[in-house]
Amino acid sequence: MLARSLLLLAALASFATASFAASTAQFVTPQRMSVAGGETKRFSVQFLDSIGHPSVGESVRFVNDSCGRFSNGLFFFDTLTDSDGIANADFTALIPAGITCWLTASAGATAQFDVETYIASLAYANALDVPAKPVPGQQFTLDVAAMFGVYNLYNVDVSAHVVNGTVSATISPTVQSTGDGGSAAFTVTPDNRVGRFDIELTVAGNTKVVHVLEPAVGMQDLWWAGAAENGWGMSLVQHPSGVLFSVIYAYDAAGAPTWYVMPGGTWNSDRTAISGPLFSPRGAPWTAY
C-alpha cells in the first residue's frame with residue numbers, strides 16, 4: 001500500500017512538472033534592441049506554462065554570443081522567474097562596439113533577441129520626410145530614423161524641439177523611441193504665419209538641425225481693377241523667405257501712367273500688415289531706349 005502511494009505521489013509530481021514547466025517565452029523587452037558600447041540595458045522575458053499560467057521560480061539562463069557581458073561579468077547569466085513568470089538580466093555592450101549579435105533566454109522555451117551594438121558618438125538622426133511644401137498652420141508628421149553608419153538603431157530615444165526661425169511651431173511628443181521599426185514619428189504643427197523654422201534632433205547626445213521652410217516655393221498673384229477702372233492694378237510676389245515684392249501700376253495726379261514698387265518691407269507682429277520704402281521708378285519706355 002505504501003509503495004502504491006509513493007508511486008501515485010511520484011506520478012502527480014511528474015504531471016505537475018510537465019503541466020507547469022515553461023512551454024512559452026514572451027518578450028517583455030522588445031525583440032530588436034540597440035545598445036551603445038558601455039551602456040547597460042535590462043532584458044526581460046516572461047515564461048508561461050502549457051495552460052498559459054506564469055512559470056514561477058523557473059530556472060532561466062541568459063546567453064550572449066559575443067557582443068556584451070552580463071552583471072556577473074560573464075557571457076551567461078542564471079536567474080529565476082518571479083511571481084509573474086518574468087526573468088530579468090542586465091546586459092552591458094562591449095567596447096569597442098559596432099557588431100550585431102544574439103541574446104537568448106532559455107527555460108525549456110527560448111526567446112532570442114536581435115542585438116546591435118553601436119558607438120554612441122557616431123550615432124545620428126536622419127529626417128526621412130521633411131515636407132517640400134508645408135502649409136502654415138497645417139500639421140505634418142516628421143519621421144526620424146536613428147542611425148549608426150548605414151544601419152538603423154532600434155528602440156533608441158530621439159528628441160526633437162524647435163530652436164529658432166521667423167515663425168514658431170510645436171512638436172509632439174518631444175521624445176520618441178524608434179521602436180522595432182527603427183524610426184520615431186513626431187507631429188509638427190507650425191503657426192499660421194509664412195516663414196521658416198528649425199528643428200533640432202538629438203540621438204545619443206548628438207544633434208542635427210533640420211530646416212523647414214514655409215512655403216518651399218514662392219507664391220504670387222495679380223489683381224486688375226476691372227473695366228470700370230481700366231489701366232491700374234497690383235501684383236504681389238512672395239519669396240520663400242517671407243519677403244513680399246509689391247508693384248502697383250496706376251496713374252499719377254496728372255493722369256500719366258506710372259509704377260510704384262515696394263521690393264521689401266517689415267511685417268507687423270501679427271503678420272497682417274507690411275510696411276517699407278515705396279519707389280516710383282523713372283525711365284524711357286522699352287520702345288524708345
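These values consider heavy atoms only, across backbone and side chains, with no hydrogens, waters or symmetry-generated copies. Quick caveat, the model's predicted, so the values are computed rather than measured. Numbering starts at 1 and runs along the sequence shown.
- Checked by atom type and distance alone, the side chain of Asp191 never pairs as donor or acceptor with a backbone atom of Ala169 at under 3.5 Å.
- For residues 154-176, no pair satisfies ring-ring contact (aromatic ring centres under 6.0 Å, His included), with sequence neighbours left out.
- Every residue meeting the salt bridge (charged side-chain N to carboxylate O under 4.0 Å, His left out) condition with Asp90, not counting sequence neighbours, appears here in chain and number order: Arg42.
- For the pair Val60 and Asp78, the minimum side-chain heavy-atom distance is 4.5 Å or more.
- Residue pairs satisfying the disulfide (SG to SG under 2.5 Å) criterion with at least one member in residues 136-187, sequence neighbours excluded, are absent.
- In this structure, CG on Asp84 lies 12.0 Å from OG on Ser55, to the nearest 0.5 angstrom.
- The shortest side-chain heavy-atom distance between Ile199 and Val212 falls under the 4.5 Å cut-off.
- By the 4.5 Å heavy-atom criterion applied to side chains, Leu201 and Ser159 are not counted as neighbours.
- Transitive grouping of hydrophobic side chains (ILVMFWY, heavy atoms separated by less than 4.5 Å) keeps Val35 and Phe148 in distinct clusters.
- Nearest heavy-atom pair across Ala105 and Phe62 is CB-CE2, 3.5 Å.
- Applying the disulfide (SG to SG under 2.5 Å) test to every pair with at least one member in residues 88-120, sequence neighbours left out, gives these pairs: Cys67-Cys101.
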For residues 113-122, which side-chain donor-acceptor pairs fall under 3.5 Å, sequence neighbours excluded?
{"residue": "Asp114", "atom": "OD1", "partner": "Trp102", "partner atom": "NE1", "Å": "3.3"}
{"residue": "Asp114", "atom": "OD2", "partner": "Gln31", "partner atom": "NE2", "Å": "3.0"}
{"residue": "Thr117", "atom": "OG1", "partner": "Gly98", "partner atom": "N", "Å": "3.0"}
{"residue": "Thr117", "atom": "OG1", "partner": "Ile99", "partner atom": "N", "Å": "3.1"}
{"residue": "Thr117", "atom": "OG1", "partner": "Ile99", "partner atom": "O", "Å": "3.1"}

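- To the nearest 0.5 angstrom, Ser34 atom OG is 10.5 Å from Met147 atom CE.
- With sequence neighbours excluded, the residues forming a side-chain hydrogen bond (donor to acceptor under 3.5 Å, both in side chains) with Thr40 are Thr92, listed by chain and number.
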Donor-acceptor pairs are to be reported for all side-chain atoms of residues 245-259 against protein atoms at under 3.5 Å, with residues two or more places apart or in another chain.
{"residue": "Asp252", "atom": "OD1", "partner": "Ala254", "partner atom": "N", "Å": "2.9"}
{"residue": "Asp252", "atom": "OD1", "partner": "Gly255", "partner atom": "N", "Å": "3.0"}
{"residue": "Asp252", "atom": "OD1", "partner": "Ala256", "partner atom": "N", "Å": "2.8"}

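- Arg69 pairs by the side-chain hydrogen bond (donor to acceptor under 3.5 Å, both in side chains) definition with nothing, not counting sequence neighbours.
- Partners of Leu80 by side chain to side chain contact (heavy atoms under 4.5 Å, CB included), not counting sequence neighbours, listed by chain and number: Ser59.
- Taking a 4.5 Å side-chain heavy-atom cut-off between Ile, Leu, Val, Met, Phe, Trp and Tyr, the cluster of Tyr151 extends to Val150.
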Please output the side-chain donor-acceptor pairs of residues 175-182 that fall under 3.5 Å, not counting sequence neighbours, one pair per line with the distance.
{"residue": "Ser177", "atom": "OG", "partner": "Gly179", "partner atom": "N", "Å": "3.1"}
{"residue": "Thr178", "atom": "OG1", "partner": "Leu153", "partner atom": "O", "Å": "2.9"}
{"residue": "Thr178", "atom": "OG1", "partner": "Asn155", "partner atom": "N", "Å": "2.9"}
{"residue": "Thr178", "atom": "OG1", "partner": "Val156", "partner atom": "N", "Å": "3.0"}
{"residue": "Thr178", "atom": "OG1", "partner": "Val156", "partner atom": "O", "Å": "3.4"}
{"residue": "Asp180", "atom": "OD1", "partner": "Asn155", "partner atom": "ND2", "Å": "2.9"}

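- Between Gly149 and Tyr124, the shortest heavy-atom contact is O-OH, 2.6 Å.
- Remark: Thr174 engages no residue in a side-chain hydrogen bond (donor to acceptor under 3.5 Å, both in side chains) (not counting sequence neighbours).
- Put simply, the side chain of Asp129 gets close to the backbone of Asp143: a donor and an acceptor are under 3.5 Å apart.
- Remark: the backbone N or O of Ile86 is not paired with any side-chain donor or acceptor of Thr81 at under 3.5 angstrom.
- With hydrogens and angles ignored, the 3.5 Å screen pairs no side-chain donor or acceptor of Ser44 with any backbone N or O of Asn88.
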